[in-house]
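See structure below.
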There are 2 protein chains.
Amino acid sequence: MALIDQLAQEFEVSIATVSRALNDKPGVSKELRDRIVARARELDYTPNFTARSLASSRTFNIGYFVREKPNLVLQQDPFYYEIQHGIEAVTARSAYHLSVATLTYSHIRKPSEFRPVSERRIDAMILAGPDIPTEFVMAMLKTSLPVVIVDNRLANTAVNSVNCDDEGGAYHAAQHLIRLGHRQIGVIAGPLAWASSARRLRGYTQAAQEAGLRLHILHEQETSLESGESALRRLYEAHPEITAIAAVNDAMALGAMRAAAQLGLRVPDDLSVIGFDNIAWGAMNHPTLTTMNIPKVQMGKEAAMRLLAVLEDPELMPSEIVVPVQLVERESTALRKEVNGQ
Amino acid sequence: MALIDQLAQEFEVSIATVSRALNDKPGVSKELRDRIVARARELDYTPNFTARSLASSRTFNIGYFVREKPNLVLQQDPFYYEIQHGIEAVTARSAYHLSVATLTYSHIRKPSEFRPVSERRIDAMILAGPDIPTEFVMAMLKTSLPVVIVDNRLANTAVNSVNCDDEGGAYHAAQHLIRLGHRQIGVIAGPLAWASSARRLRGYTQAAQEAGLRLHILHEQETSLESGESALRRLYEAHPEITAIAAVNDAMALGAMRAAAQLGLRVPDDLSVIGFDNIAWGAMNHPTLTTMNIPKVQMGKEAAMRLLAVLEDPELMPSEIVVPVQLVERESTALRKEVNGQ
DNA sequence: AGTAAAAACGTAAACGCTTACGTATTTAAC
DNA sequence: GTTAAATACGTAAGCGTTTACGTTTTTACT
């Protein structure tokens, strides 16, 4: 493997000059620089990043750290993988490489022992997951490494963040149902502690208020398919006049559709159902699920781009990025049938 | 941040002694070593990994590189994410960190410009995906870095690999149907070029031969849910006597179930269906899908463990690891109904 | 007590770059 | 043509460790 010395010897110049030539720094004549660069390509010379890091105290590594879900059976949420792909798409076109790790409870407890940071392996980091404690984020900010948090919001703290527009998305979802003529709308919500659920609920409520409607809201303790099933049954029992359901996520929406089928309700003829997330199986279900798409890949891209921007200009103030969610209209929603002229 | 000099000064010894104490190398009295280690913990001293790497020429980084799917719309296959989690689970307990990247066409074309390697950022790597060209793997082997390939097999080349037992799994799947009394079994296969499909098909065939049965095999050009639908329709048209379906993957199995419902066939009463993969949606479908589970997380673990083993002992010869797949019995398969005493 | 071997520690040279500073050479300005 | 300011390059000191090779001290053995 070629080293910088070799190039220096070939051109009978110092390694400092070669370094300057290769790094686009001033102090080298254009003619010499071009020849050095050309020869470097020929030799497939790539600077040893370890040596470069030590000398420049930059690793050109960024970390992507996802909080493991303590409550989730399915540890590996594809949501964060799609975000990872967005991040990769951006870093691949930069000088930076991506280092990943799962944030466990022990890391959270002892941030000072979080090795990617304590060993100074990274120049900046993306922290993903709603359940990263504020204290941990604070500890990371104190390292003075640039930080972007994704799918997480911190009140009263200046930190770069990327989130989807839960409230606006839910607002549009409800409007979609209202535009289709539905006036008796049931909402299947998650636990109150789940912040996204709360925000989405606000969006639904806002749209309903503007249309002069009152929603039939049901809170579940979980956000699983099964809880969606039971939610629909209870909702329908209490309010058989309901013609549309808005669920705070796709899993619950799919559960609601399943329960509806068991009750003899046809979707979308008797009941329209809209979800939130746009998970893969929504498109495979029968009927396919109308939902609000969260642009996960884009969220990853935004996070990575923001990080690179801060790396470029450390003076940059933190910003909160909110990406819009889009309606994906599929089979599970339809015009309300005008039964009995009601 | 504490540096090694600080420790050396505190104890009035040379940094060499501190380094030896911290790295469990001989040449330090037990008493001094213990005091140094204790004090290092107190100070949260962590050696700067960049300096350590440069001096020891080891990065303590391993790479996980997944081949992007040129043909797949859904670039981010959760399959490889689960493998990533398995890898992480192992590396988290080791001194190594995980660096990820997507293998694009341009990397494949010019392996010498693959930066994680050319910049010497990693000590070893895991290559995942069936469509990594042999030449690329060869190029990586030539770097003399330890390599493990996952979900990929190379003929006539000694290389560490981790794969699932396609053939054995399919054999068991077919046996499951046969044990349930089915004798007219349809097989929904993928394109001939897809190696996994071919191996699974061999497993089905083997079991059938042993039971003295002849399968009704249909090859599709794709492996999507839609092609599973059309496959079932054609299969049922040609062979209405079929009472069970074995599909080479879950997506096609789910498609077959959907088509069956449209034909008025009840699953599992009229038709048993078994898949392969155990994708998440299979458990949410109605009825839930019986399938063969590929232990993806374990595959990741095996790959990482193998890599660590080779890193420990570079003399270790390459080995081919095959992990078993297990039957996940759910609702979509049942005993064949004895119609007309047939 | 004397000697050899083992253990404990120090010295200093790497590792392969970047970069502050110094020197020589060119260009620009009058 | 002289002087000042750019420009081009060289020198050498890092960056924070590891480790080969010395040197000194302790241990073991006769």
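Side chains included, hydrogens not; waters and symmetry mates left out as well; all remaining heavy atoms used. In what follows, chains carry the letters A, B, and so on, assigned in the order in which the sequence lines appear, proteins first and then strands, with residues in each chain numbered from 1.
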Given I132(B), which of V66(B), V137(B), L154(B) fulfils the side-chain contact (heavy atoms from CB on, under 4.5 Å) condition?
V137(B)
Pick the nucleotide of DNA chain C nearest each of L54(B) and P26(B); which residue has the one closer to the 5' end?
P26(B)
Base, sugar-phosphate, or nothing: which does Y45(B) touch, judged by heavy atoms less than 4.0 Å apart?
sugar-phosphate
Among dT19(D), dG16(C), dC15(C), which is the nearest nucleotide to the side chain of S56(B)?
dT19(D)
dT19(D) OP1/OP2 closer than 4.0 Å to side-chain N/O of S19(B)
no
In this structure, how many angstroms lie between the C1' atom of dG16(D) and the CD atom of Q9(B), rounded?
14 Å
For the pair made of CG in D5(A) and P in dT18(C), what is the distance, rounded to whole Å?
12 Å
Test your reading of the model: is there a side-chain donor-acceptor pair from S99(B) to the backbone of S99(A), 3.5 Å cut-off?
no
Could you tell me whether S14(B) contacts a base, only the sugar-phosphate backbone, or nothing, with contacts defined as non-hydrogen atoms closer than 4.0 Å?
base
What is the nucleic acid contact for L32(B), judged by heavy atoms within less than 4.0 Å: base, sugar-phosphate only, or nothing?
sugar-phosphate
Charged N-O contact under 4.0 Å between E31(A) and R35(A)
yes
Please classify the nucleic acid contact of E119(A) as base, sugar-phosphate, or nothing, using heavy-atom distances under 4.0 Å.
nothing
Please report the distance, rounded to the nearest Å, between CZ in R35(B) and P in dA8(C).
14 Å
Axial bend angle, the helix from dA1(C)-dT30(D) to dC30(C)-dG1(D): five-pair end segments, nearest 10°:
30°
In the structure I gave you, are the side-chain heavy atoms of T104(B) and H107(B) within less than 4.5 Å of one another anywhere?
yes
Any donor-acceptor pair under 3.5 Å joining the side chain of R20(B) to the base of dG10(C)?
yes
The nucleotide from dT11(C), dC9(C), dG16(D) with an atom nearest the side chain of A51(B) is dG16(D)
Is there a ring pair (Phe, Tyr, Trp, His ring centres under 6.0 Å) between Y80(B) and Y64(B) once you walk through the steps?
CA-CA 10 Å; Y80(B) 297 104; Y64(B) 175 51; 7.5 Å; no
If I take atom CD1 in residue I15(B) and atom P in nucleotide dA8(C), what distance separates them, rounded to the nearest angstrom?
20 Å
Side chain of R52(A) only, heavy atoms from C-beta on: which candidate in dT18(C), dT17(D), dC9(D) is closest?
dT18(C)
Side chains of S94(B) and T91(B) only: does a donor on one sit below 3.5 Å from an acceptor on the other?
no
Could you tell me whether the side chain of M125(B) reaches within less than 4.5 Å of the side chain of V148(B), counting heavy atoms only?
no
